[in-house]
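Please read the structure below before turning to the comments.
Just so we're on the same page: letters track the sequence lines, and every chain starts at 1. Bear in mind that the values here come from a model prediction, so they are computed numbers and not experimental data.
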Amino acid sequence: MIRNKGSFIVEELSEYVVFDLETTGLSPEYDEIIEFSACLVINNEIVSRYETLIKPEYGISPFIEELTGIRNDMLEDKPKIDEVLPSIYDFLKDKVLLGHNVHFDLNFLYDAFNKYLNLELNNDYVDLLRLTRKVYPEYKTHRLEFLSKELKTTNKPTHRALNDALTTYEIYELCKRFTKEKSITFSDLFQTSYLTVNDIKSTVNAEEDHILNGEIFVFTGTLEKMDRKSAWELVVKNGGDIADGVSKKVNYLVLGNGDYHQRLKGGKSNKMKKAEDLILKGNDLQIISENVFYDMIYLYDNK
DNA sequence: TCTCCTCGAGATCT
DNA sequence: CTCGAGGAGA
């Protein structure tokens, strides 16, 4: 089924509706909504709330009962989805919707609106998952539970719709404050920064010892311990230089893991082949592993 | 040198 | 779904 949903909103919003659902499973096609909660936020403050349990057509599995704490017997006297949808619609109206991994909730809601109200839920939206990946890229995961612990939110995610929505609201507000302090905008973070070697060179100065002594590095493959841009920065900080491709002037080719790339399939990249060719011709070029690279700048304690 | 495309890997929601 | 690496082509 094609869903004609709204657009992702990048701007920092002060007015929106944050919401969350609990469902009987992960599939919008086969599973049902059992709880809906939403808060209207104006001027960064919650001004009203909506909360309801919903009786599904089929029962809740023990797994979901355990996960959410919502048991079948709690839903016996609760309204069915078609009975609550009109008031949910009134609450959402044309507001921008905020959620964590918002497409999950949006899809369930979209299908229900479509089925029972014959309406398209095409509100614009913000996805906190996508946003936090940009705002806190160093976090190892961006699950709501992890974010809540890391950022020490006062609201805790409990797999109940209201608590999860409140946590989502709190983290969104923290994201706005955090970027404001750093004088950057969300929009900056979503720029598809085609970061060139020259950008790095002009923004990063050699601030540490010139360990690398002007030697020129090229990277190939996926690095295990950092992304390529960080590695570039590291080289420049330590007094080295970077090139895009392998040529006679290059001193080191640093090998990441090439297994991931479909065209390589563990074979040699073009950069690798070219480097080997230059070495045979007697050029001052070495092919080194990622760990050897870190050893050169005394980073990590590699064996 | 820069832009656009393809592909595979990995992540998140209940 | 999003993201990044590499490659094709302008």
Side-chain angles (χ1 to χ4, degrees), chain A residues 3 5 8 10 19-37 53-54 56 58-70 97-111 125 127-134 136-137 139-148 157-161 163-165 167-168 171 189-199 201 218-224 226-232 242-247 253-274:
Chain A
R3 299 187 185 91
K5 292 188 283 192
F8 182 83
V10 175
F19 80 112
D20 187 53
L21 307 178
E22 301 308 314
T23 69
T24 57
L26 291 172
S27 163
E29 201 175 340
Y30 301 111
D31 295 311
E32 301 176 79
I33 302 171
I34 51 175
E35 188 178 35
F36 171 89
S37 187
L53 286 165
I54 297 162
Y58 303 99
I60 311 171
S61 70
F63 174 77
I64 296 294
E65 285 191 322
E66 173 68 24
L67 182 75
T68 62
I70 301 170
L97 306 180
L98 167 65
H100 190 251
N101 195 17
V102 73
H103 288 285
F104 173 82
D105 304 272
L106 231 33
N107 288 345
F108 271 94
L109 220 45
Y110 188 100
D111 293 356
Y125 53 84
D127 184 3
L128 189 74
L129 173 61
R130 250 183 97 187
L131 181 65
T132 51
R133 281 176 175 156
K134 298 289 186 185
Y136 307 106
Y139 287 3
K140 65 175 192 291
T141 174
H142 298 81
R143 280 150 52 195
L144 192 62
E145 195 185 350
F146 180 87
L147 293 170
S148 166
T158 58
H159 279 297
R160 287 299 298 265
N163 282 335
D164 289 8
T167 308
T168 300
I171 295 171
L189 295 172
F190 281 95
Q191 293 293 329
T192 45
S193 60
Y194 179 75
L195 204 50
T196 65
V197 171
N198 282 335
D199 292 333
K201 286 183 193 169
V218 170
F219 293 85
T220 186
T222 307
L223 301 176
E224 306 274 352
M226 60 181 65
D227 61 33
R228 204 114 127 186
K229 285 164 195 164
S230 310
W232 283 351
I242 315 153
D244 254 339
V246 175
S247 67
L253 176 65
V254 183
L255 240 46
N257 187 346
D259 294 347
Y260 300 133
H261 203 270
Q262 73 276 9
R263 289 188 176 82
L264 299 180
K265 290 280 178 239
K268 292 171 181 174
S269 68
N270 287 334
K271 283 174 181 171
M272 177 88 172
K273 288 178 198 159
K274 196 164 176 186

Testing C:dC3, B:dT12, B:dT14 for proximity to the side chain of A:Glu22, the answer is B:dT14
Among the nucleotides B:dT12, C:dC3, B:dT14, whichever has the atom closest to the side chain of A:Arg143 is B:dT12
Yes or no on side chain to side chain contact (heavy atoms under 4.5 Å, CB included) for A:His100 and A:Leu147, after CA distance, side-chain angles and deciding distance?
CA-CA 11 Å; A:His100 190 251; A:Leu147 293 170; 3.8 Å; yes
For [X], answer base if it contacts any base atom (sugar-phosphate contacts may also be present), sugar-phosphate if it contacts only those atoms, and nothing otherwise; contact means non-hydrogen atoms under 4.0 Å.
{"X": "A:Asp164", "answer": "sugar-phosphate"}
{"X": "A:Leu129", "answer": "sugar-phosphate"}
{"X": "A:Thr141", "answer": "sugar-phosphate"}
{"X": "A:Ser27", "answer": "nothing"}
{"X": "A:Leu144", "answer": "sugar-phosphate"}

Can you tell me how far [atom2] of [N] sits from [atom1] of [X], to the nearest Å?
{"X": "A:Phe108", "N": "C:dC1", "atom1": "CZ", "atom2": "P", "answer": "17 Å"}
{"X": "A:Leu128", "N": "C:dC1", "atom1": "CG", "atom2": "P", "answer": "20 Å"}
{"X": "A:Tyr125", "N": "C:dC1", "atom1": "OH", "atom2": "P", "answer": "10 Å"}
{"X": "A:Phe19", "N": "B:dT14", "atom1": "CZ", "atom2": "P", "answer": "12 Å"}
{"X": "A:Phe146", "N": "B:dA11", "atom1": "CZ", "atom2": "P", "answer": "13 Å"}
{"X": "A:Leu53", "N": "B:dT14", "atom1": "CG", "atom2": "P", "answer": "15 Å"}
{"X": "A:Asp127", "N": "B:dC13", "atom1": "CG", "atom2": "P", "answer": "10 Å"}

A:Asp127 side chain to A:Asn101 backbone, donor-acceptor under 3.5 Å: yes
- Heavy-atom donor-acceptor pair, A:Thr24 side chain to A:Glu32 backbone, under 3.5 Å: yes
The dot-bracket string of DNA chain B, counting Watson-Crick and G-U wobble pairs with both distances under 3.5 Å, using [ ] for crossing pairs and | for pairs to another strand, is ||||||||||....
### Message
If you define the side chain from C-beta out and look only at heavy atoms, does anything of A:Tyr139 sit under 4.5 Å from A:Thr132?
### Response
no
* Take the angle between the ring planes of A:Phe19 and A:Phe36 and call it parallel below 30°, perpendicular above 60°, tilted in between. => tilted
Check whether any side-chain N or O of [X] sits under 4.0 Å from OP1 or OP2 of [N], and answer yes or no.
{"X": "A:His103", "N": "C:dC1", "value": "no"}
{"X": "A:Lys140", "N": "B:dA11", "value": "no"}
{"X": "A:Thr23", "N": "B:dC13", "value": "no"}
{"X": "A:His100", "N": "B:dT12", "value": "no"}

Rounding to 0.5 Å, atoms OG1 (A:Thr141) and CG (A:Leu129) come to a distance of 8.5 Å
Across all chains, not counting sequence neighbours, the side-chain contact (heavy atoms from CB on, under 4.5 Å) partners of A:Arg160 are A:Glu35, A:Leu53, A:Ile70, A:Met74, A:Thr158
